[in-house]
Amino acid sequence: MKKLFRLLIVVAIVIVAVGFYRGWFALSSPDGNDGSNKVNVNLTMDRDKIKDDAKAVKEKSAELTENVIGGEKNSADRPANHVETK
């Protein structure tokens, strides 16, 4: 059970790190000029960016899948395996 929990934490950390790298999430804070000791931090999520990236991944995976399937149909395009014996 501990291994599963650790795996879920690692997956969550990876998703958050990729999200910040890809621009899905952003942290911001307003100017603290009001003289109080309160700190406001805002986390924003760009849902349109996430959807655009997901669409791009789907298109790229469909293209790669098509290339693999198309490559199997055209076996003449593949180089023949030549084994040299000495």
Item to check | Considering all heavy atoms, the nearest F25-I15 contact | outcome: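 Closest approach of F25 to I15, heavy atoms only: CE1-O, 4.2 Å.
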Next on the checklist: Quick test of your reading: applying side chain to side chain donor-acceptor pair (under 3.5 Å), list the pairs with at least one residue in residues 12-23, sequence neighbours left out, ordered by first then second residue.
Outcome noted: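 For residues 12-23, and leaving out neighbouring residues, the side chain to side chain donor-acceptor pair (under 3.5 Å) pairs sorted by first residue read R22-D53.
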Checklist entry - Cluster partners of M1, using ILVMFWY side-chain heavy atoms under 4.5 angstrom, listed by chain and number? => result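 None; M1 is a cluster of one.
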Next on the checklist: Connecting only ILVMFWY residues whose side-chain heavy atoms lie within less than 4.5 Å of each other, what is the rest of L64's hydrophobic cluster?
Outcome noted: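 When side chains under 4.5 Å apart are linked, L64 ends up in no cluster with other residues.
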Item to check | Where at least one partner belongs to residues 1-20, residue pairs that pass salt bridge (Lys or Arg N to Asp or Glu O under 4.0 Å), sequence neighbours excluded | outcome: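 For residues 1-20, and leaving out neighbouring residues, there are no salt bridge (Lys or Arg N to Asp or Glu O under 4.0 Å) pairs at all.
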Checklist entry - Transitively linked via ILVMFWY side-chain contacts under 4.5 Å: V11 with V16? => result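 Different clusters: V11 never reaches V16 through Ile, Leu, Val, Met, Phe, Trp or Tyr contacts under 4.5 Å.
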Please list every donor-acceptor pair under 3.5 Å in which a side-chain atom of residues 40-51 meets a protein atom from a residue at least two apart or in another chain.
from, atom 1, to, atom 2, distance (Å)
T44, OG1, A26, O, 3.4
D46, OD1, D48, N, 3.4
D46, OD1, K49, N, 3.3

Checklist entry - Partners of I9 by side-chain contact (heavy atoms from CB on, under 4.5 Å), sequence neighbours excluded? => result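 I9 satisfies side-chain contact (heavy atoms from CB on, under 4.5 Å) with F5, I13 only.
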Item to check | Results of side-chain contact (heavy atoms from CB on, under 4.5 Å) for E63 - residues two or more places apart only | outcome: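 Scan of E63 (side-chain contact (heavy atoms from CB on, under 4.5 Å), adjacent residues dropped) gives K60, N67.
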